[in-house]
Amino acid sequence: MLFPDTIYEKDLSADSNCRRMAVSIAAGKCCAAVWDDNMPGSLRIVSTERVSIDQNGNWNGLEDFLYENPGLLAPMAHTTVLIDAHDIAIVPELLSEDCASRLLRISAISDSAYDNTRYTEVWNGSSVGVRFGLLLPSKLSRFLNRSFQPLEIHWYASAIIQYCRNIIIKDCDKTRRLHAFAAISSSSHITVVVLDTSGNLVAAISRTGSCHSDLTYYTLSLLSSLTSSIRDEVSLSIFGNPKEAKAIKEKLSGWIDAKMHTYLPEKPSLIDPTQLHLISPELCAAIDL
C-alpha cells in the first residue's frame, strides 16, 4: 500500500542495509517516503499537514509526526531530508568557505542568524556548478542528526533542480535560451528553477503565497529579472498537483505559453505513474534521484 495511515518497521523490507528514506519538510506539510531499491512495490509514503514553523525557527509538529510513524526512525541505509528553509544562499563552487559562510549569514532573513549557538550551517554541493547553503535552527539540526544516520540535509528546491537538469540533458529545446520549471506543491507553494541549455543553474526560488496570483507573481518576477523577452527566450514547464498547476498555467497565459510537464518514469517499479500527482514534487524528485 503506497499511502498507509502509519508506517511501522514491520512494514519495511527486512534488510535495513537496503532501506532508503526521503523526507520533505515544509510549513503546512511534511511527507516521508521509505523504499527498498531492490524490492518493487516497496514504496511507502506518509504525510501530515500538522507542521508549522514559529518565529524562533522551531518546526512544531515534526517530532510528533516521526514518533507517530516509528518505521521512519528504523535503521536506514541512507536518509535524505529536504527542508524549505528561509535562510539560504546559492554560491559558486569556487567561492571560499569563509566567503560563502559570510554571504549566507548576510543574506539571512532571521535576525539572530549570526548567533552560532542558535543556527547551524549546512552546505551541499551539486552537479550544476554551485553549492547550496542553509541555516538551520541548531535544535532542529541536532534532532535530525540524532534521529537519522547516515543523513544528508538539502535545501527544499535542490532535488527539483537536479531533476530538471536531467530533463534538460535528455530533452532540450535549443531554440530557447532559458528553461524554467515551476513545481506546484499546493495552492500556496511553488518552486521555480531556471536552467540554461547546458543544464547550468541560472536561478531558483521557493516561495509560499496566499493564492494563485501570488505564485504567478513570484514566477513572472523571477523570469522578468532574467530576460526582457520572456515569451521568446524562456520555455516554461509546470508540474505537480494537476489542479493547482493548471490554475497557474492559466494565470500565466497572458505572458508566456507554459506547458504541463509529466514526470519522467525513471523508476516505475517504485512509483506508480498514476499516483504521482498525489506526491509533492520535491519528494518525488528526491525518490527519483
Side-chain angles (χ1 to χ4, degrees), residues 22 24 26 80 82-85 88-95 100 103 107 123-134 152 154-185 189-207 215-241 244-245 248-249 252 255-267 276 279-289:
S24 174
T80 299
L82 306 171
I83 300 181
D84 186 20
I88 65 163
I90 304 175
V91 303
E93 285 185 334
L94 297 178
L95 195 66
L103 181 61
S107 61
W123 287 92
N124 294 110
S126 71
S127 57
V128 292
V130 299
R131 286 195 299 149
F132 302 102
L134 57 155
E152 285 187 8
H154 294 269
W155 178 39
Y156 198 63
S158 61
I160 292 291
I161 292 169
Q162 182 59 49
Y163 181 85
C164 294
R165 184 175 187 271
N166 292 337
I167 296 174
I168 291 295
I169 293 173
K170 294 176 182 178
D171 183 20
C172 177
D173 179 4
K174 298 295 184 180
T175 64
R176 302 297 175 93
R177 183 172 67 86
L178 300 174
H179 304 275
F181 299 85
I184 315 297
S185 300
H189 196 277
I190 190 169
T191 300
V192 184
V193 172
V194 184
L195 306 170
D196 64 17
T197 55
S198 298
N200 298 313
L201 179 65
V202 176
I205 60 171
S206 185
R207 296 285 187 271
L215 305 190
T216 302
Y217 169 78
Y218 295 140
T219 304
L220 289 174
S221 178
L222 177 64
L223 297 181
S224 62
S225 71
L226 302 174
T227 175
S228 59
S229 181
I230 297 175
R231 190 179 292 274
D232 295 331
E233 293 195 322
V234 182
S235 68
L236 174 61
S237 299
I238 303 177
F239 63 107
N241 182 291
E244 309 298 345
I248 299 297
K249 180 180 184 297
L252 288 167
W255 291 272
I256 184 172
D257 295 323
K259 66 178 181 180
M260 301 292 287
H261 170 75
T262 54
Y263 290 98
L264 299 176
E266 293 295 320
K267 295 185 178 180
L276 286 174
I279 307 173
S280 66
E282 292 81 6
L283 188 66
C284 182
I287 295 171
D288 187 65
L289 294 180

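Heads up: numbering here begins at 1 and tracks the sequence.
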Quick check for you: to the nearest 0.5 Å, what is the distance between [X] atom [atom1] and [Y] atom [atom2]?
X	Y	atom1	atom2	result
Ile256	Ile238	CD1	CD1	8.5 Å
Thr80	Leu283	OG1	CG	10.5 Å
Leu236	Leu178	CG	CG	11.5 Å

For [X] against [Y], the heavy-atom pair lying closest together:
X	Y	result
Arg131	Leu95	NH2-O, 3.6 Å
Ala245	Ile184	CA-CG1, 4.0 Å
His261	Phe239	O-CB, 3.3 Å
His189	Thr191	CE1-OG1, 3.7 Å

Could I get the full list of side-chain contact (heavy atoms from CB on, under 4.5 Å) partners for [X], not counting sequence neighbours?
X	result
Thr216	Leu220, Ile248, Lys251, Leu252
Ala85	Ile83, Ile88, Leu134
Ala26	Asp84, Tyr156

Please check if the side chain of Arg176 supplies one atom and the backbone of Val234 the other of a donor-acceptor pair under 3.5 Å.
-> yes
Report the residue from Ser185, Ser206, Ser24 that forms a side chain to side chain donor-acceptor pair (under 3.5 Å) with Glu282.
-> Ser185
Mind checking side chain to side chain donor-acceptor pair (under 3.5 Å) for [X] and listing every partner two or more places apart, or none if nothing turns up?
X	answer
Ser235	His179
Ser221	none
Trp123	Glu121
Glu233	Arg177, Thr227

Taking Cys164 as the fixed residue, which of Ile161, Asn166, Ile160 is the one that meets the side-chain contact (heavy atoms from CB on, under 4.5 Å) rule?
-> Ile160
By ring-ring contact (aromatic ring centres under 6.0 Å, His included), which residues pair with Phe181, not counting sequence neighbours?
-> none
Working for side chain to side chain contact (heavy atoms under 4.5 Å, CB included), residues Ile90 and Trp155 = CA-CA 10 Å; Ile90 304 175; Trp155 178 39; 3.9 Å; yes
Decide yes or no on side chain to side chain contact (heavy atoms under 4.5 Å, CB included) for Leu201 and Leu195, but give the supporting numbers first.
-> CA-CA 5 Å; Leu201 179 65; Leu195 306 170; 3.9 Å; yes
